[in-house]
Amino acid sequence: MNTRTTDRHTDQHTDEHAVPCAPPSQLRAPYAEALLDHAGRDWLRLNVPGHAATPGSDLAGYFGPRVTALDFPPLLDGIDLGQDTPLDRALELAAEAWGARRTWFLTNGASQGNQIASMVAPALGRTLVVQRSVHSSVIDGLVMSGMDAVFVQPSVDPDQGIAHGVTAADVAAALARTPDAAAVYIVSPSYFGAVADVRAIADTAHAAGVPLIVDEAWGSHFGFHPGLPARALFLGADLVTSSTHKLAGSLTQSAMLHLAEGPFADRLEPLVDRAFRLVQSTSASALLTASLDLARRRLATDADATGGCVEAAERVRGAVRALGRFTVVSDGFHAFPDIVGADPLRIAIDTRAGGITGHEARRRLFLDHQVMVEVATGAAVVAVIGAGSVPDTDRFVEALHTLPSPLGGPAAAGHGDARATADAEGLRLPDPGATKLTAREAFLSPARVVAAEDAVGRISADTLAAYPPGIPNVLPGEVITAEVVRFLQRTAAAPNGHVRGAVDRGVRGLRVVA
């Protein structure tokens with residue numbers, strides 16, 4: 001880990017005293033164990049799901065009979081129905097592991113947690129003070145809730161074309177001009193692993209009398225090893241979304257929502273519980289739920305495995321630095337006042353120094369080397385190592401350094417030609433347009449699709465986000481600018497590029513308020 005990014009606020013980093021030995025109870029996975037025991041009985045299944053765990057079915061043949069045998073519906077005696085069920089105990093163990101007053105298991109990803117948090121905020125005030133570079137699911141929550149929003153602009157790395165976080169001073173300034181604030185909503189860590197000063201921002205929010213909500217989707221593993229940053233709940237956050245499937249090892253689409261034991265807990269708990277029931281499926285997947293129980297057990301009881309992942313990631317960064325062709329993005333985090341730490345399990349490599357764009361590097365790694373990385377931008381690729389799962393890092397380093405240099409080498413990639421100039425232009429994040437309507441007002445207004453060039457100057461009816469990471473470039477209610485249109489069209493044209501919310505794949509048309 002680049003220690004230069006943690007010197008400002010050492011309490012943001014988990015020290016050895018902040019990771020106590022797991023209590024014996026954490027060795028159990030009560031829900032997963034009860035589900036396995038239930039599946040081991042000789043059932044005649046005349047209920048949903050329709051596959052009924054039929055031996056020899058297409059599903060059983062494709063996924064294996066264990067998967068279909070464990071695929072039970074909710075409301076089963078001895079698993080999740082009644083008092084003090086295995087599910088209740090699994091939720092209590094998760095809350096204990098993350099240091100929460102209460103935890104909810106989510107089966108529609110961290111997006112569901114962000115929507116819940118946005119939906120409960122109107123009970124606390126009229127306006128959400130929110131980081132502009134939040135995930136698009138937070139904006140979806142604003143559409144659902146109808147709240148006003150005051151946006152806090154993040155720092156932006158103009159060279160990389162990526163947004164980081166916000167400072168406590170920025171949040172304080174936004175709160176000062178928002179007398180009806182309901183809560184503060186930030187992201188930490190960022191998609192590139194930048195960690196914000198959560199403690200200072202929490203203190204700022206609490207001094208203004210409002211809770212701090214943190215989208216910690218990429219930090220579900222924080223706090224479970226001395227080499228990892230401290231988790232947001234430890235630093236004063238009141239409500240935290242945790243995308244457990246990303247780096248903590250549960251199945252895709254499973255996540256958690258954690259409520260802190262703090263000054264806002266009594267007010268928030270019943271609101272969150274009611275909102276949870278609005279957006280959680282009444283047929284929540286037993287497989288996803290069991291995977292959350294198992295992921296919690298491993299994180300809480302096997303710090304050595306997590307430590308092995310931290311060491312593996314550092315070996316990759318060390319090899320990249322030593323070989324000298326590429327550079328490590330987090331080595332420059334110290335230049336940004338909003339960054340006080342970095343997630344060591346995210347490996348962001350600036351590929352341009354090695355004569356290749358991030359998009360081309362990702363494509364070549366995938367096609368030529370069967371290496372999958374998390375995401376690419378025009379400047380970089382981002383690889384991640386899940387806590388507890390050490391991959392073949394030597395293979396990645398070797399594949400990375402055998403990539404061709406289609407831009408003609410480092411000089412051409414950096415500054416020298418028209419291709420590099422165009423690439424640099426494509427990296428710049430566009431400034432958002434002016435806000436004219438709330439997200440809900442714009443989303444529900446009569447709308448029509450017009451050609452992209454004719455949409456400039458009009459009010460967007462949609463959320464449009466270059467994906468991944470899914471940070472909205474246009475919000476419902478914002479004026480569409482020519483710069484935004486160019487950026488989104490470049491994103492759509494890039495290899496693996498995608499614009500979430502777009503009317504068409506190439507972003508040739510945009511939906512505007514009529």
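For the single chain, residues carry numbers from 1 onward in sequence order. Because only heavy atoms are used, hydrogens play no part in the values below, and waters and symmetry mates are left out as well, while side chains stay in. If you're wondering where the values come from, they're calculated on a predicted model, not measured in any experiment.
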Quiz prompt | D203/R199 salt bridge by N-O under 4.0 Å criterion | solution = no

Exercise. Find out whether P404 and R364 are in side-chain contact, i.e. whether some heavy atom of one side chain is under 4.5 Å from a heavy atom of the other.
Key: yes

Exercise. Of all the heavy-atom pairs spanning H206 and L212, show the shortest one and how long it is.
Key: NE2-N, 4.3 Å

Practice problem: Mind listing the closest non-hydrogen atom pair of A265 and L259 along with its distance? | Solution: O-CD2, 4.0 Å

Self-check item: Non-hydrogen side-chain atoms of P211 and L124 separated by less than 4.5 Å
Solution: yes

Quiz item: Does the side chain of T103 pick up a donor-acceptor pair with the side chain of H258 at under 3.5 Å?
Solution: yes

Quiz item: For the residue pair S242 and A255, what are the closest heavy atoms and their distance?
Solution: O-CB, 3.3 Å

Quiz item: Hey, is CZ on F443 packed in by over 12 heavy atoms from elsewhere, all under 6.0 Å?
Solution: no

Self-check item: Heavy-atom side-chain proximity of N108 to Q253 below 4.5 angstrom
Solution: yes

Quiz item: Looking at M147 and G125, what are the two nearest heavy atoms and their distance?
Solution: CE-O, 3.6 Å

Quiz item: How long is the gap from CZ on F151 to CD1 on I139, to the nearest 0.5 Å?
Solution: 4.5 Å

Quiz item: Do V382 and V375 have side-chain heavy atoms sitting under 4.5 Å apart?
Solution: yes

Quiz item: Yes or no on side-chain contact (heavy atoms from CB on, under 4.5 Å) for S133 and Y191, after CA distance, side-chain angles and deciding distance?
Solution: CA-CA 10 Å; S133 53; Y191 203 82; over 6 Å; no

Quiz prompt | Derivation of the side-chain contact (heavy atoms from CB on, under 4.5 Å) call for F192 and V329 | solution = CA-CA 8 Å; F192 276 68; V329 174; 4.3 Å; yes

Quiz item: Heavy-atom distance under 4.5 Å between the side chains of L345 and V310, does that happen here?
Solution: yes

Quiz item: Would F224 and W98 count as a ring pair (Phe, Tyr, Trp, His ring centres under 6.0 Å) if you check the C-alpha gap in whole Å, the side-chain angles of each, and the deciding distance to 0.1 Å?
Solution: CA-CA 9 Å; F224 286 101; W98 269 269; 5.1 Å; yes

Practice problem: Given side-chain contact (heavy atoms from CB on, under 4.5 Å), test V397 with L323 step by step and report yes or no. | Solution: CA-CA 10 Å; V397 171; L323 291 169; 4.0 Å; yes

Quiz item: Do Q115 side-chain atoms and A275 backbone N/O form a donor-acceptor pair below 3.5 Å?
Solution: no

Exercise. State, yes or no, whether a side-chain contact exists between D462 and L510 at a heavy-atom distance under 4.5 Å.
Key: no

Quiz item: Do M372 and F366 have side-chain heavy atoms sitting under 4.5 Å apart?
Solution: yes

Quiz item: With a 4.5 Å limit on heavy-atom distance, are the side chains of L278 and M144 in contact?
Solution: no

Self-check item: Lys/Arg-Asp/Glu bridge criterion (N-O < 4.0 Å) met for R352, D159
Solution: yes

Quiz item: Below 4.0 angstrom, N of the basic side chain to O of the carboxylate: do K436 and E441 qualify?
Solution: no

Practice problem: Scan side-chain atoms only and decide if D215 and T241 contain a donor-acceptor pair under the 3.5 Å cut-off. | Solution: no

Quiz item: Can you tell me how far the CZ atom of F105 sits from the OG1 atom of T244, to the nearest 0.5 Å?
Solution: 8.0 Å

Quiz prompt | Straight-line distance of I339 CD1 to D197 CG, nearest 0.5 Å | solution = 12.0 Å

Exercise. Nearest 0.5 Å please: distance from the CG atom of D273 over to the CH2 atom of W104.
Key: 6.0 Å

Self-check item: Distance-minimising heavy-atom pair for S155 and F336
Solution: OG-CD2, 3.8 Å

Quiz item: Can H359 and T357 be counted as having a side-chain donor-acceptor contact under 3.5 angstrom?
Solution: no

Self-check item: Closest contact, heavy atoms only, Q153 versus D170
Solution: O-OD2, 4.3 Å

Quiz item: With the threshold set at 4.0 Å, does a side-chain nitrogen-carboxylate oxygen contact exist between D238 and R101?
Solution: no

Quiz prompt | Electrostatic pair E360-R363, nearest N-O below 4.0 angstrom | solution = yes

Quiz item: Say you draw a straight line from CG of L488 to CG of L464; how long is it, rounded to the nearest 0.5 Å?
Solution: 6.0 Å

Exercise. Report the distance from atom CG of L142 to atom OG1 of T438, rounding to the nearest 0.5 Å.
Key: 9.0 Å

Self-check item: Listed partners of H401 passing ring-ring contact (aromatic ring centres under 6.0 Å, His included), at least two apart
Solution: F326

